[in-house]
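Working notes for the structure below.
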There are 2 protein chains.
Amino acid sequence: MRENREFILGQTRQYLTILDAAIEEFSRLGYKATSMQVIANRAGIPKANVHYYFKNKENLYREVLNHIIEVWNASFDEIQNDEDPAVALDRMIRAKVRLSYTHATASRLFANEIIHGAEHLGEYLKQDMRQWVRDKSRIIQSWIDTGKMDPVDPVHLIFLIWSSTQHYADFETQVLTILNRAEYESEMIDGIADFLSQVILKGCGLQAP
Amino acid sequence: MRENREFILGQTRQYLTILDAAIEEFSRLGYKATSMQVIANRAGIPKANVHYYFKNKENLYREVLNHIIEVWNASFDEIQNDEDPAVALDRMIRAKVRLSYTHATASRLFANEIIHGAEHLGEYLKQDMRQWVRDKSRIIQSWIDTGKMDPVDPVHLIFLIWSSTQHYADFETQVLTILNRAEYESEMIDGIADFLSQVILKGCGLQAP
DNA sequence: GTCTATACGACGATAGAC
DNA sequence: GTCTATCGTCGTATAGAC
């Protein structure tokens, strides 16, 4: 079933249509509260076809998560040991703000999954994500050890960057309501990135690049 | 029905038991994915009794939200115009980290509600919360105008404090998995508060109090 | 007030016609 | 591959015995 994704034309048009519809719907209410019927409706096909392409709901959800993780991993910005920390962290913050803007549904789907206990994501968190944090922490620690930045806990710094950037995607409703806006604009996103980069970098004893 | 809450004894023991059970369960999966049956099970009573005390699911959920908001408002730390900004913001950050620890379920219930579009919270966001942010922003702006701190957008500073502190409650699963811990300890919470206070205050050009 | 029993719709999933 | 029809289960909600 998975291999079909290679073929864009023909029999797999529905497969991709369903996957897109499922991402959209699962991101709204999470796994349990989302029905196969609304996914089928959004995809514009009978409910039975969804079961034909994806054996069951659980399976469809897993495919959706895998699809998101691929996009996520491809966008995860890499920082290097020999880089200037200000440049690297600034780029990391800006990349994540952009990702929250361009892939807000994916971010909310992840947030839903984690808030609800991450039952379908346990292994990914334990394996890939933990290792990713470990690698980046080591680099940040090396910057601290060489006196390039303040001694701050690298793991919590990563959490700070994650939480403050994701907030604008996951809590979009709250943010827009309080700002009294209907939707984000590209300028606002740049302003958010500027603000977060400025405060976090200075907070770590770094000068804006 | 609401007035009953005043009476702790007698007929209203079940009312409060159900409310507690509902807070717990709704915070796990959100409104739609939570069934009246699991709430009744957690409260240790027949499902029909839940419908007797709270007319329907919608009504029960509203009562739960109101209950949370009361606790929330009571804990919302006030900052004053004539205070030292470092002292005020430090206290605000520490209060919110503590709140995320002591009222993690309430935080997650709010997070769920907002991620899912805040259908039941619309008025609260528009009225009370927007006004709260406006008031605090004005105070922060006055600190900026008198040169006590760097010129940063006050609203985004509030968002930064909210997001970075809530993260430890809402994304508890992810945080604990990556830290390879089973649960939070009081020391960790203090460490988190120290870290966030240090970085955010310095990021705003303030010295730790 | 407390419980059992049940109505009735929505759910995931499948059988089987085309 | 695509659809309609339908199964069994679970959802919210209520009726009615005690």
Side-chain angles (χ1 to χ4, degrees), chain A residues 1-65 112-113 116 119-120, chain B residues 1-65 112-113 116 119-120:
Chain A
M1 192 66 72
R2 193 78 189 302
E3 298 72 42
N4 287 347
R5 212 184 287 162
E6 257 59 28
F7 305 79
I8 305 283
L9 300 171
Q11 305 95 322
T12 52
R13 266 211 313 268
Q14 282 212 0
Y15 184 95
L16 291 171
T17 307
I18 296 165
L19 206 67
D20 285 344
I23 292 174
E24 200 64 38
E25 290 300 332
F26 279 131
S27 79
R28 291 161 62 101
L29 293 171
Y31 175 70
K32 197 177 175 189
T34 301
S35 73
M36 297 295 267
Q37 187 66 67
V38 301
I39 293 171
N41 289 349
R42 179 175 278 268
I45 54 163
K47 189 175 60 169
N49 291 29
V50 181
H51 279 93
Y52 173 75
Y53 280 99
F54 304 85
K55 216 174 88 170
N56 52 38
K57 189 180 172 182
E58 179 88 15
N59 207 46
L60 171 55
Y61 189 64
R62 283 189 195 284
E63 290 289 326
V64 164
L65 280 181
N112 259 313
E113 177 63 15
H116 297 166
E119 287 174 44
H120 303 84
Chain B
M1 193 64 74
R2 194 78 189 302
E3 299 71 39
N4 287 348
R5 211 184 285 162
E6 258 56 26
F7 306 79
I8 306 286
L9 300 172
Q11 304 96 320
T12 51
R13 268 212 311 270
Q14 280 211 3
Y15 183 94
L16 292 170
T17 308
I18 295 166
L19 207 65
D20 285 345
I23 291 173
E24 200 65 38
E25 290 299 334
F26 278 130
S27 79
R28 293 163 62 103
L29 293 171
Y31 175 70
K32 197 176 177 189
T34 301
S35 74
M36 297 295 266
Q37 186 67 67
V38 300
I39 293 171
N41 289 348
R42 179 176 278 268
I45 54 164
K47 191 175 56 169
N49 292 28
V50 182
H51 278 93
Y52 172 76
Y53 280 99
F54 304 84
K55 216 174 88 171
N56 52 39
K57 188 180 172 182
E58 179 87 14
N59 206 46
L60 171 56
Y61 188 64
R62 284 188 194 284
E63 291 288 325
V64 165
L65 280 180
N112 258 313
E113 176 62 16
H116 298 166
E119 287 174 43
H120 303 84

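Here is the naming used below: chain letters follow the sequence lines, and residue numbers restart at 1 for every chain.
- Looking only at distances, no side-chain donor or acceptor of Asn59(B) sits under 3.5 Å from a matching main-chain atom of Phe54(B).
- Listed nucleotides: dG12(C), dC3(C), dT12(D). Nearest to the side chain of Ser35(A): dG12(C).
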message: Please determine whether side chain to side chain contact (heavy atoms under 4.5 Å, CB included) holds for the pair His116(A) and Asn112(B), giving the CA-CA distance in whole Å, both sets of side-chain angles, and the decisive distance to 0.1 Å.
response: CA-CA 9 Å; His116(A) 297 166; Asn112(B) 258 313; 2.8 Å; yes

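- A sub-4.0 Å separation between OP1 or OP2 of dA10(C) and a side-chain N or O of Gln37(A) is absent.
- Aromatic pair Tyr61(A)/His120(A): centroids less than 6.0 angstrom apart.
- Summarising the geometry, the separation between OH on Tyr15(B) and C1' on dT2(C) is reported as 18 Å, rounded to the nearest angstrom.
- Atom C1' of nucleotide dA13(D) and atom OH of Tyr61(B) are separated by 20 Å, given to the nearest angstrom.
- The side chain of Tyr52(B) has dT2(C) as its nearest neighbour among dT2(C), dT14(D), dT4(D).
- Counting non-hydrogen atoms under 4.0 angstrom, Asn49(B) reaches a base of the nucleic acid.
- Remark: P of dG1(D) and CG of Leu16(A) are 13 Å apart, rounded to the nearest angstrom.
- Across the protein-nucleic acid pair, Asn56(A) atom CG and dT9(D) atom P stand 18 Å apart, rounded to whole Å.
- To the nearest angstrom, C1' of dC10(D) lies 13 Å from CG of Asn41(B).
- Within the 4.5 Å cutoff, side-chain heavy atoms of Glu63(A) are placed close to those of Tyr15(A).
- Contact annotation: Tyr53(A) reaches the phosphate of dT2(D) (side-chain N/O to OP1 or OP2, under 4.0 Å).
- Here the side chain of Ala48(B) is nearest to one of dC3(D), dT4(C), dG12(C), namely dT4(C).
- Side-chain atoms of Tyr31(A) and Glu119(A) form no donor-acceptor pair, as typed in the model, at a separation below 3.5 Å.
- Here the C1' atom of nucleotide dA10(C) and the NZ atom of Lys32(B) are 9 Å apart, to the nearest Å.
- Taking side-chain N and O atoms only, His51(A) has no distance below 4.0 Å to OP1 or OP2 of dT14(C).
- To the nearest angstrom, P of dG1(C) lies 13 Å from CD1 of Ile45(B).
- For the pair Leu60(A) CG and dC11(C) P, the interatomic distance rounds to 15 Å; values are reported in whole Å.
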